[in-house]
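Written out below as structure tokens is the structure these notes cover.
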Amino acid sequence: MKKIASLTMALALGCAGVAMAQDERALTQQQIVTQLTQQGYTDVHDVDFRDGVWTARARSGDGSHVKLRVDPLTGQAYPNKQVSRMNEKDVRAMLSSEGFTQVHDVDFTHGVWTAEAKNNAGVRVSLQIDADSGRIIGTN
């Protein structure tokens, strides 16, 4: 009986050691907030550890309220809906730096930024912009 009790105790302590080792690799709550901010999220709140991942609520670059699941080892965010890391000001600045003028009607729709502007030749164009890279993916 003492052997079984000793074996049970050793097994329990061994499992506790493995759990502690996993916890040591996990990012802290403050590190998660920092990671989310670096990924373009603002107003990060309700950060909690549930079901093996961090969860949080925040605003994405496009101003949307999102719920996030966050990898506890890498800090990579997984939003509950399509979001943009860029905001409207970022899009306007990028277009201006590429020579577009009179930028207006900047909007985030279906995972892509759209805008109206005049190109270098003064011709009005409709633009579609990648929400992560800011690269123009379509014009007409």
Side-chain angles (χ1 to χ4, degrees):
M1 189 67 150
K2 286 184 181 182
K3 281 186 177 181
I4 292 175
S6 296
L7 184 57
T8 303
M9 182 65 94
L11 185 57
L13 289 173
C15 290
V18 169
M20 284 176 35
Q22 288 174 344
D23 288 345
E24 288 172 8
R25 293 182 304 153
L27 297 172
T28 66
Q29 183 175 7
Q30 186 57 47
Q31 289 170 319
I32 291 297
V33 171
T34 300
Q35 286 283 332
L36 293 176
T37 302
Q38 289 174 350
Q39 292 176 52
Y41 294 98
T42 59
D43 189 25
V44 177
H45 60 281
D46 294 341
V47 180
D48 193 22
F49 192 79
R50 279 188 236 155
D51 300 324
V53 297
W54 285 101
T55 61
R57 293 177 184 263
R59 281 189 184 262
S60 64
D62 63 5
S64 299
H65 292 276
V66 292
K67 294 178 184 175
L68 303 165
R69 280 183 268 151
V70 186
D71 183 311
L73 300 178
T74 67
Q76 176 63 45
Y78 299 95
N80 65 332
K81 59 184 173 181
Q82 179 74 29
V83 298
S84 174
R85 293 184 183 186
M86 298 178 68
N87 61 38
E88 182 179 343
K89 289 179 183 178
D90 295 332
V91 172
R92 287 179 180 276
M94 182 275 307
L95 292 175
S96 177
S97 73
E98 292 194 17
F100 291 94
T101 61
Q102 298 181 16
V103 177
H104 61 94
D105 293 335
V106 178
D107 193 28
F108 183 71
T109 309
H110 304 294
V112 176
W113 283 98
T114 59
E116 303 289 323
K118 283 191 175 182
N119 66 14
N120 292 342
V123 177
R124 290 189 183 276
V125 291
S126 296
L127 303 163
Q128 295 184 42
I129 300 125
D130 180 287
D132 288 327
S133 70
R135 185 175 64 83
I136 296 172
I137 58 175
T139 61
N140 49 331

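Since this is a predicted model, take the numbers as computed values, not measurements.
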[X] side chain to [Y] main-chain N or O, any donor-acceptor pair under 3.5 Å?
{"X": "S96", "Y": "R92", "value": "no"}
{"X": "Q128", "Y": "V112", "value": "no"}
{"X": "S64", "Y": "V66", "value": "no"}

Quiz item: Checking side chain to side chain contact (heavy atoms under 4.5 Å, CB included) for the pair V70/Y41: CA distance, chi angles, key distance, verdict?
Solution: CA-CA 12 Å; V70 186; Y41 294 98; over 6 Å; no
Self-check item: Close side-chain approach of L95 and W113, heavy atoms under 4.5 Å
Solution: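 They are not in contact (no side-chain heavy atoms under 4.5 Å apart), so the answer is no.
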Quiz item: Are side-chain heavy atoms of D71 and L27 found at a separation under 4.5 Å?
Solution: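 A side-chain contact is absent here, since even the closest heavy-atom pair is not under 4.5 Å.
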Practice problem: State yes or no: do V53 and L68 share one hydrophobic cluster built from I, L, V, M, F, W and Y residues joined by side-chain heavy-atom distances below 4.5 Å, directly or via other members? | Solution: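 Hydrophobic grouping puts V53 apart from L68.
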Quiz item: What about F100 and M86, same hydrophobic cluster or not, with Ile/Leu/Val/Met/Phe/Trp/Tyr joined at side-chain heavy-atom distances under 4.5 Å?
Solution: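 Linked within one cluster.
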List the atom of [X], the atom of [Y], and the distance in Å for their closest heavy-atom pair.
{"X": "S84", "Y": "A131", "answer": "OG-O, 3.0 Å"}
{"X": "V103", "Y": "A117", "answer": "CG2-CB, 3.9 Å"}
{"X": "G52", "Y": "P72", "answer": "O-CG, 3.4 Å"}

Exercise. Anything under 30° is parallel, anything over 60° is perpendicular, the rest tilted; go ahead and classify W54 against F49.
Key: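 W54 and F49: perpendicular rings.
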Quiz item: Once you round to the nearest 0.5 Å, how far does CD of Q29 lie from CG of D48?
Solution: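 It is 7.5 Å, given to the nearest 0.5 Å.
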Quiz item: Nearest 0.5 Å, what's the CD-CG distance between Q31 and L36?
Solution: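 So the gap between those two atoms works out to 12.0 Å.
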Quiz item: Only one of V91, D90, T114, V106 clears side-chain contact (heavy atoms from CB on, under 4.5 Å) with I129; which?
Solution: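 In the set V91, D90, T114, V106, the residue that makes a side-chain contact (heavy atoms from CB on, under 4.5 Å) with I129 is V91.
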Quiz item: Side chains of E116 and S126: is there a donor and an acceptor less than 3.5 Å apart?
Solution: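 There is such a pair (donor and acceptor under 3.5 Å, judged by atom type) between the side chains of E116 and S126.
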Exercise. Kindly indicate, with the supporting measurements, whether the criterion side chain to side chain contact (heavy atoms under 4.5 Å, CB included) is fulfilled by Q39 and R85.
Key: CA-CA 7 Å; Q39 292 176 52; R85 293 184 183 186; 4.2 Å; yes
Exercise. Run the salt-bridge test on D130 and R135 with the 4.0 Å N-O cut-off and return the result as yes or no.
Key: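 No, no charged N to carboxylate O under 4.0 Å.
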Self-check item: side chain to side chain contact (heavy atoms under 4.5 Å, CB included) between K67 and T55, intermediate numbers included
Solution: CA-CA 7 Å; K67 294 178 184 175; T55 61; over 6 Å; no
Self-check item: Residues, nucleotides or ligands: over 12 heavy atoms within 6.0 Å of R69 CZ
Solution: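 Atom CZ in R69 is not packed in, count stays at 12 or less.
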Practice problem: Check the surroundings of atom NZ in K89: do more than 12 heavy atoms from other residues, nucleotides or ligands lie under 6.0 Å from it? | Solution: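 No.
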Quiz item: T139 and N119: side chain to side chain contact (heavy atoms under 4.5 Å, CB included), yes or no, with the steps?
Solution: CA-CA 10 Å; T139 61; N119 66 14; over 6 Å; no
